[in-house]
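Below: the structure, in structure tokens.
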Amino acid sequence: MDGVSTDRWGIDDRWLDALDTEHTVEQDTIDRLREVIGEPPADLEDTAPIVAVPGDALEVDRALVVCEDGTSVDVDGELPEDMPLGYHRIRTPDGRDRLLVVHPGRCWLPDERSWGWAVQLYAARGSGSAGVGDLADLRTVRQLAQAQGAGFVLVNPLHAVGPGPEQEDSPYLPATRRFRNPVYLRLDDVPGVQLTDDDRARVAELNAAELLDRDATWALKRAVLQRTFDADPHPEGFRDWWWRQGQALQDWANWAAIADEHGADWHTWPADLRDPHGSAVREWSTAHEPQVAFHAWLQWLLDGQLTDATGDLTVIQDLPIGVSGGGADAWAWQDVLAEGVSVGAPPDAFNARGQDWGSPPLVPWRLRAADYAPFVESIRATMAGAGGLRIDHVMGLFRLWWVPGGDPTAGAYVRYPAEDLLGIVALESHRAQAVVVGEDLGTVEDGVRETMAEHGVLSYRLLWFEDDAPAEWPAAAMGAITTHDLPTVAGLWTGSDVAEQVELGTGEREQLERDRQQLLAHLTDHPDGPTKRMGVAKAVERAHALLATAPCLLVSATLDDALGVERRPNVPGAMERPNWRLPLPVAVDDLAGHRGVRAVARALGVSSPSGSGTGAA
């Protein structure tokens, strides 16, 4: 932004809203954020990682690079053009030793354009589910997608929450971004499991419920899984797998076991257990080995079931912007996270009060001093075993809206080392052969989308948001109609989405109706123009026929739209609404024969070749 000043803490003194109105940050906010961020060490620029591509000029002259594989390379002022990619160490004659990240510059991309299904997995229940869609249901959706010629499936975040009886409903506020939620385990696919008649009756009861009840589902699954593990705590292959995962899984299992005893917020634990690397935690872990092993075993099961669920199809997993402040990642990386603030969004046209997402932000200079480990591990773990990554609020790689004191209107933007972070994303994408999509919706500052394109990160274009017709959207993007936070086609077409928002008090009817008419205009621009007499099914078909004209590398459709669902999965700010708890009205076992699902697949498949491609950027 012209004239904006960013101080040495990375805080912008001004910001533009979605209407290009300039706002000045209050000095009290700046002072508070400076206190939270703290002073970086004087030698940070001499010790922080160097992130570069082969052939780049370096910040150092003569140096020895010790590569990941143990080989070494002498460099003098610049990296050789054939420098191997990876996480290396660079050592200078004066004794300095720092991380050197060598990346390819661009993310991996598939060769061919493809379409796919976007699914809120928890909502996609099948006949064998226990009230919450699980990894066996993902397998069913994946097999459907392949049979229809789709090239990918996009799923909500699958990350773990606290293990206690009160489960977090939002997939976007996990306890960790490195490990998965065992509520997604299919009990019948667990080796050695024995379900009683009472268990099966409870499964059927939960599966027939009108709303998802994660607490009840987890209570059942936890009891069955604990019983199964107690009967055989040393299944073949588990202990070796656990050992190979290293400290990250040990930290998670320690946190989860301690959380079972002391609660899911590490701040409330006994003081000696708040240090993840202290002797007290090691002693506690040894004394409670069966409890710790149980949580590691759950991750072993999840690893196997996810591999089976994804098969050989690209499954794009969603990376939330942050984690719960009391959770496992915040415990393990408490020295890198900011205390007393959270991330969110400033007021905009869709939310006049702004948003507070409840996650503590990473302090930029502390992230650099930690060799970017929290970021690297989160990206790598979310990509693992699936072939794709969607970065929620990708603008957070450039800047994040920090909210002190819980008031989003009194926040400020804090800058991040975007080039370094995008370089790491490119390296991990290259290694995992994973396509990367950046969710760049809302207030996007100038230059962000151009920088994303330079690094091979696909933009995210929505029919509801774009002024241009889909045929004019960029190729380097994922095209879609809506997301989990926006109206479905049916909700918009019938007006029920407006009615619900009025009932919830999240907007005024007149303004909401004006917004609805603006969104409907995107559909009426179709050459054949839908009419007021058109039913929901026909409106859904027309919307996807329009979407099919987009040249985007990836084009996705939600199962909600294909099934004519009127209620969106989430209405931001509506705490009394059953957000994230609405099941799909059709069982996953019956999707293949559903008229709407077949019609959407036919519309998108007409101009989209099957397969997700195997090429490199």
Side-chain angles (χ1 to χ4, degrees), residues 135 158-168 174-185 187 190-193 218-306 323-335 373-374 377-378 380-382 384-385:
L135 290 170
L158 304 180
H159 302 93
V161 299
E166 296 183 0
Q167 292 283 287
E168 171 63 51
T176 176
R177 296 193 295 177
R178 295 181 288 171
F179 299 98
R180 302 183 182 100
N181 194 335
V183 79
Y184 291 119
L185 286 170
L187 291 177
V190 173
V193 75
W218 178 234
L220 169 66
K221 290 192 175 184
R222 173 86 193 235
V224 172
L225 291 165
Q226 187 71 63
R227 190 172 71 222
T228 305
F229 177 75
D230 291 345
D232 181 14
H234 299 277
E236 183 179 355
F238 161 55
R239 297 282 168 163
D240 287 343
W241 178 87
W242 181 8
W243 181 83
R244 290 195 303 272
Q245 304 313 301
Q247 189 61 45
L249 179 56
Q250 186 64 48
D251 285 346
W252 162 256
N254 284 344
W255 179 86
I258 298 172
D260 275 334
E261 184 169 313
H262 294 291
D265 184 349
W266 66 268
H267 296 91
T268 66
W269 294 355
D272 59 349
L273 295 180
R274 296 175 197 168
D275 179 2
H277 309 300
S279 59
V281 168
R282 289 194 296 272
E283 292 167 4
W284 194 97
S285 179
T286 300
H288 297 78
E289 197 277 343
Q291 294 95 317
V292 174
F294 172 70
H295 289 287
W297 175 74
L298 293 177
Q299 294 303 314
W300 178 63
L301 295 176
L302 285 159
D303 188 67
Q305 289 198 14
L306 180 65
V323 294
S324 166
D329 284 0
W331 176 65
W333 291 321
Q334 57 192 270
D335 294 337
E377 292 185 26
S378 299
R380 183 181 297 158
T382 308

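Heavy-atom basis, side chains included; hydrogens, waters and symmetry copies ignored.
Every residue meeting the side-chain hydrogen bond (donor to acceptor under 3.5 Å, both in side chains) condition with H234, not counting sequence neighbours, appears here in chain and number order: R239.
Side-chain atoms of Q334 come within 3.5 Å of backbone N or O of R274 as a donor-acceptor pair. In this structure, the side chain of H288 engages the main chain of W284 through a donor-acceptor pair within 3.5 Å. The closest donor-acceptor contact from the side chain of S285 to the backbone of V281 lies at 3.5 Å or more, if one exists at all. In this structure a side-chain-to-backbone donor-acceptor pair under 3.5 Å is missing from W252 to A296. Using a distance-only test at 3.5 Å, with no hydrogens or angles considered, a donor-acceptor pair links the side chain of D329 to the main chain of R177. R180 contributes no side-chain N or O that, together with a main-chain N or O of D303, makes up a donor-acceptor pair within less than 3.5 Å. Looking at W266, its side chain does come within 3.5 Å of a backbone N or O of G325 through a donor-acceptor pair.
Counting heavy atoms from C-beta on, the side chains of H262 and T268 never come closer than 4.5 Å. The closest side-chain heavy-atom distance from H295 to P163 is below 4.5 Å. Residues L225 and L187 have side chains in contact (heavy-atom distance under 4.5 Å, counting atoms from C-beta outward). Within the 4.5 Å cutoff, the side chain of W218 has heavy atoms near those of the P182 side chain.
Taken from OG1 in T382 to CG in L158, the straight-line distance is 9.0 Å, to the nearest 0.5 Å. Here the CH2-CG distance, from W242 to L249, works out to 7.5 Å after rounding to the nearest 0.5 Å. Here the CD atom belonging to Q299 is positioned 10.5 Å from the CG atom belonging to L306, to the nearest 0.5 angstrom. Note that the CG atom of L185 and the CG atom of L135 stand 6.5 Å from one another [nearest 0.5 Å]. One finds the CZ atom of R222 at 4.0 Å from the CG atom of D260 (value rounded to the nearest 0.5 Å). The distance from atom CZ of F179 to atom CD of Q245, rounded to the nearest 0.5 Å, is 7.0 Å.
The two residues P174 and A160 come nearest to each other via the heavy atoms CB-O, 3.4 Å. Residues E377 and A248 come closest through the heavy atom pair OE1-CB, 3.9 Å. Shown here for W300 and P235, the closest heavy-atom pair between the two residues is CZ3-CG, 3.6 Å.
Within the cation-pi definition used here (under 6.0 Å to the ring centroid, within 45° of the axis), R178 does not qualify as a partner of W255.
Aromatic ring pairs are classed by plane angle as parallel below 30°, tilted from 30° to 60° and perpendicular above 60°; the pair W297 and F229 is tilted.
Shown here is E166, whose CD atom has no more than 12 heavy atoms of other residues, nucleotides or ligands within 6.0 Å.
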